[in-house]
Amino acid sequence: MSSPWWSIPQAIIWIVTRSESQVLRADGVRTAAGLGRMTGVRRASGLDEPPVSLSAASDELLQAWQARRVALVGRKWGKEPARLILGPRRLGLRDYRGEVCLGDKTLYFDRHPFWSNLSVPSDDCKRCWPEPATRTQRTSGPLASTRRPSDGEVRAFIEEKRKALRAERKGAGRDVLLSATMSHFSLSRKVALDIWNGVPRDRKGGRPTKDKPDPDKSITKRVR
């Protein structure tokens with residue numbers, strides 16, 4: 001079983017492969033350059049997500065930390081006790097003294113605060129970069145084929161689900177319908193939300209927009 005904490009190379013490998021067995025293989029890799037020497041690394045891809053390269057994965061991990069979607073723990077100056085890093089967002093990852101470190105993007109790296117012995121919670125990585133839908137989709141599920149459903153199929157499901165929830169006097173708001181859609185079709189939230197935004201207002205569980213009254217018709221009615 002993998003550890004609840006991953007090194008930076010392990011986190012990068014997860015983003016690229018979405019495979020815990022590959023993460024375990026990267027356990028002894030200390031630098032980002034060392035990942036390039038690993039053999040048998042197969043990039044994962046999903047129905048709505050292209051494969052990610054090693055260099056792009058490093059950038060994605062850094063951006064996720066800057067957005068506070070993943071946590072980073074490390075030792076400041078390579079000596080202090082390990083703590084959660086809440087440093088400035090201008091910092092970058094680089095190989096230094098045989099490991100991946102976080103610090104200023106300057107030539108004189110060690111003259112500014114930097115952090116080494118970095119770790120990332122594995123749950124953070126799995127939440128931000130889940131396994132592709134083609135792996136997690138159950139063969140006995142509502143839509144067992146590997147093809148992506150059409151927008152029309154998804155909209156029809158949203159409408160039927162909305163009607164069913166209303167009939168049961170249950171809430172049929174956006175989050176409820178999106179969650180049901182993502183579970184039914186194994187879609188990412190981004191894809192489900194894009195389709196949702198194309199659904200007419202009166203099919204989203206909200207009140208339908210009413211047509212404005214024709215002023216001429218009202219005047220005629222009063223004259224009569």
Side-chain angles (χ1 to χ4, degrees), residues 2 4 11 14-20 23 42-52 56-57 60-61 63-71 120-224:
S2 63
W14 171 261
I15 297 172
V16 173
T17 66
R18 314 292 166 90
S19 167
E20 290 208 35
V23 170
R42 184 175 180 180
R43 293 188 293 174
S45 61
L47 299 175
D48 56 350
E49 184 179 5
V52 181
E60 284 195 18
L61 179 62
Q63 290 166 10
W65 171 73
Q66 291 169 340
R68 301 297 187 254
R69 292 189 292 119
V70 301
V120 188
S122 58
D123 286 345
D124 284 4
C125 293
K126 292 176 182 178
R127 185 182 65 254
C128 290
W129 298 278
E131 292 185 47
T134 50
R135 264 191 221 165
T136 57
Q137 200 171 44
R138 291 171 290 189
T139 55
S140 59
L143 192 68
S145 66
T146 56
R147 73 173 182 85
R148 175 179 161 179
S150 67
D151 289 5
E153 289 175 320
V154 176
R155 290 193 187 104
F157 173 80
I158 291 174
E159 174 62 5
E160 290 302 319
K161 189 68 176 177
R162 184 188 70 86
K163 288 180 179 179
L165 290 172
R166 284 296 180 83
E168 297 172 5
R169 297 183 178 275
K170 294 181 179 179
R174 187 189 75 165
D175 290 342
V176 173
L177 293 173
L178 277 180
S179 178
T181 302
M182 292 161 59
S183 176
H184 185 82
F185 293 104
S186 295
L187 294 177
S188 68
R189 183 175 178 82
K190 180 181 182 302
V191 173
L193 191 58
D194 287 343
I195 298 173
W196 166 272
N197 288 332
V199 178
R201 178 181 170 82
D202 63 338
R203 293 296 183 266
K204 293 182 181 179
R207 295 180 179 178
T209 54
K210 296 181 179 179
D211 296 332
K212 294 182 179 180
D214 187 344
D216 294 335
K217 189 177 292 184
S218 299
I219 293 172
T220 305
K221 200 175 277 187
R222 285 198 296 270
V223 170
R224 288 179 182 173

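Nearest approach of R18 to A44, heavy atoms of both residues: CG-CB, 3.9 Å. The minimum heavy-atom distance between C128 and V70, with the atom names listed, is SG-CG1, 3.7 Å. Of all non-hydrogen atoms in P51 and R43, the two that sit nearest each other are CB-CB, 3.9 Å. Smallest separation of non-hydrogen atoms from E60 and I15: OE1-CG2, 3.9 Å. For the residue pair V120 and A11, the shortest heavy atom distance occurs at CG2-CB, 4.3 Å.
For residues 176-186, the set of pairs meeting the salt bridge (charged side-chain N to carboxylate O under 4.0 Å, His left out) definition, not counting sequence neighbours, is empty. Among pairs with a residue in residues 163-182, none fulfils ring-ring contact (aromatic ring centres under 6.0 Å, His included), at least two apart in sequence or across chains.
Using a cut-off of 4.0 Å between Lys/Arg side-chain N and Asp/Glu carboxylate O, R155 and E159 are scored as not salt-bridged. A salt bridge is absent between R68 and D124; no separation between the charged side-chain nitrogens and carboxylate oxygens falls under 4.0 Å. Between D123 and K126 no salt bridge is recorded (no basic side-chain N to carboxylate O distance below 4.0 Å).
The closest side-chain heavy-atom distance from M182 to V191 is not below 4.5 Å. In this structure the side chain of W14 never reaches within 4.5 angstrom of the side chain of L61, judged on heavy atoms.
Remark: A56 pairs with V52, S53 by the side-chain contact (heavy atoms from CB on, under 4.5 Å) rule, at least two apart or across chains. For R69, the side chain to side chain donor-acceptor pair (under 3.5 Å) criterion is met by no residue, not counting sequence neighbours.
Atoms CD1 and CZ, from I158 and R174 in turn, are 11.5 Å apart once rounded to the nearest 0.5 Å. Rounding to the nearest 0.5 Å gives a distance of 7.5 Å between CD of E20 and OG of S122. L193 CG to L187 CG: the interatomic distance, rounded to the nearest 0.5 Å, is 11.5 Å.
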